[in-house]
Amino acid sequence: MVTAVFNHKGGVGKSTTAVNLAAGLAKRGYRVLVIDMDAQHNATDYMGILVSRSDPTIYDVLFDAMDPHNAIYPTDSEGLYCLPASERMINASLRLNQDQIAVPSARLYSSLKKHGIQAEYDYIFLDCPSDLDAVSANALNAADNCIVPCFADQFSKSGLVNVIAAIEKAAENGCGTEIKLLGILLCNFRRVTKTARMNLEEIQSALPEDTFHTVIRQSAAIPDSIEKRKPAICMPKSPATEHYEQLTSEYLLRTQRTDRITRIASGR
Ligand SMILES: Nc1ncnc2c1ncn2[C@@H]1O[C@H](COP(=O)(O)OP(=O)(O)O)[C@@H](O)[C@H]1O
Ligand SMILES: [Mg+2]
């Protein structure tokens, strides 16, 4: 299963969520890969992977037809793997827009399929850039479903319209899988703020099916774990460990439910 972690707003918890949820699943015995699609390479850094300019990354996979197997690195957490990004991704969107191939936004989908990557992992997470660009379109086209991390503020609420439209556009273009919105995830939530509580309630009651029950609260353990380049969920118990463990359980419930519905619909 391929899950894109996407929101064109930056700093809303995409990389934090991709890494901790992936690590949470790896802790439960699953084989999990995080593909970093962002030139800022935050997920790569967070997972403790250091790449030099000449090391293989997602850039080589997208533009030099490199077999992704050659760009996948093990991490310190058992069962957790990383396909890193580097600054070379800065011009990726521009290159994709100049692409002469028929469906430039299907590059990632085609590569993963050609090299059988999906069959080798229980779960694959795509950490998207904070942009509605051609790189994000590649991720959405390769994904079965999508998690949308979001803040409980007015700007995030109004931005959700564009996020959902981008997901629907990817679902319609037919070049890859039929992407589904797995859920909006409230991140870095501050319970003490009245406006945040009101916005949370508003989102949850407007989109009850499409919002994770789990809320990731603000916790000092997150910046600490980023500093140490180790997923918070793999560190001593903290509120962040608890929230991401809860998210891992809810993710499994939601994805398995989607799987069962797909099986019933296809008569398998
Ligand atoms: N639950 C949280 N508690 C405290 N800080 C958080 C939390 N989630 C994210 N952050 C902080 O917010 C910043 C942005 O998060 P990040 O996951 O990089 O966002 P994005 O990938 O959407 O740009 C990070 O520096 C991280 O330390
Ligand atoms: Mg990020």
Side-chain angles (χ1 to χ4, degrees), residues 3-24 34-49 51 57-58 82-90 92-93 125-133 135-136 138-140 143 146-153 155-157 159-160 162-163 166-167 182-193 196-197 199-200 211-248 250-251:
T3 299
V5 185
F6 169 66
N7 189 332
H8 63 304
K9 268 184 78 68
V12 289
K14 291 186 292 297
S15 303
T16 306
T17 296
V19 170
N20 280 291
L21 178 53
V34 175
I35 303 182
D36 193 346
M37 307 284 294
D38 186 4
Q40 292 189 52
H41 53 86
N42 293 151
T44 302
D45 293 348
Y46 194 7
M47 296 171 89
I49 304 297
V51 284
T57 64
I58 184 68
C82 173
L83 201 169
S86 71
E87 286 89 10
R88 292 176 75 203
M89 282 297 280
I90 285 171
S93 187
F125 289 90
L126 309 176
D127 186 31
C128 296
S130 304
D131 218 329
L132 289 166
D133 63 359
V135 177
S136 288
N138 254 273
L140 294 176
C146 179
I147 296 177
V148 177
C150 152
F151 282 166
D153 68 2
F155 289 158
S156 288
K157 271 193 313 184
L160 281 177
N162 294 328
V163 177
I167 296 169
L182 200 59
I184 295 163
L185 175 70
L186 272 298
C187 284
N188 209 349
F189 179 72
R190 292 187 63 213
R191 214 172 15 161
V192 289
T193 318
R197 285 203 309 274
N199 284 325
L200 170 66
T211 310
F212 279 92
H213 299 298
T214 306
V215 172
I216 310 292
R217 299 215 198 116
Q218 191 166 71
S219 160
I222 295 289
D224 273 3
S225 68
I226 293 175
E227 195 84 22
K228 296 193 172 82
R229 294 171 179 267
K230 194 174 168 144
I233 202 167
C234 299
M235 292 179 63
K237 201 165 158 47
S238 71
T241 335
E242 228 168 273
H243 302 150
Y244 276 108
E245 285 289 0
Q246 196 188 332
L247 178 66
T248 306
E250 191 177 353
Y251 174 85

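Numbering of ligands and ligand atoms starts at 1, following listing order.
- For the residue pair Ser130 and Lys14, a side-chain donor N or O sits within less than 3.5 Å of a side-chain acceptor on the partner.
- Taking a cut-off of under 4.0 Å to the non-hydrogen atoms of Val12, the atoms of ligand 1 that pass are 19 (O), 20 (P), 22 (O).
- Considering backbone and side-chain N/O of Lys14, one or more are found under 3.5 Å from N/O of ligand 1.
- Residue contacts to the Mg ion (ligand 2): Gln40 brings no N, O or S atom closer than 2.8 Å.
- Here the CZ-CD1 distance, from Phe6 to Ile147, works out to 13.5 Å after rounding to the nearest 0.5 Å.
- Here the OG atom belonging to Ser15 is positioned 7.5 Å from the CD atom belonging to Gln40, to the nearest 0.5 angstrom.
- Between Asp127 and ligand 1, no N or O atom pair is found at a separation short of 3.5 Å.
- The ligand atoms of ligand 1 that sit less than 4.0 angstrom from a heavy atom of Ile216 are 1 (N).
- For atom 3 (N) of ligand 1, the closest non-hydrogen atom on the protein side is Ser219 N, 2.9 Å.
- There is no protein heavy atom closer than 4.0 angstrom to atom 13 (C) of ligand 1.
- Of all protein heavy atoms, the one closest to atom 19 (O) of ligand 1 is Gly13 N, 3.1 Å.
- Within the structure, ligand 1 has Gly11 among the residues with a heavy atom less than 4.0 angstrom away.
- For atom 25 (O) of ligand 1, the nearest protein heavy atom (residue, atom name, distance) is Ile226 CD1, 4.3 Å.
- Rounded to the nearest 0.5 Å, atoms CD1 (Ile49) and OG1 (Thr57) are 13.0 Å apart.
- Around atom 7 (C) of ligand 1, the closest heavy atom drawn from Asn188, Thr17, Asn42, Asn7 belongs to Asn188.
- The side-chain contact (heavy atoms from CB on, under 4.5 Å) test with Ile226 is passed by exactly one of Thr16, Asp45, Asn42, Val19: Thr16.
- The environment of Lys230 atom NZ is sparse: at most 12 non-hydrogen atoms of other residues, nucleotides or ligands sit within 6.0 angstrom.
- In the displayed structure, Arg191 atom CZ is contacted under 6.0 Å by at most 12 heavy atoms of other residues, nucleotides or ligands.
- The proximity of Ile222 to ligand 1, defined as any non-hydrogen pair under 4.0 Å, is limited to the side chain.
- Between Tyr244 and Thr17, the side chains place a donor N or O and an acceptor N or O closer than 3.5 Å (distance only, hydrogens not considered).
- Heavy-atom distances between His243 and ligand 1 stay at or above 4.0 Å for every pair.
- Nearest protein neighbour of atom 17 (O) of ligand 1, counting heavy atoms only, is Thr16 OG1, 2.6 Å.
- Between Phe212 and Leu182 the shortest side-chain heavy-atom distance falls below 4.5 Å.
- Scanning the protein for heavy atoms near atom 1 (N) of ligand 1, the closest one is Arg217 O, 3.0 Å.
- A donor atom on one side chain and an acceptor atom on the other are not found under 3.5 Å apart for Asp131 and Ser136.
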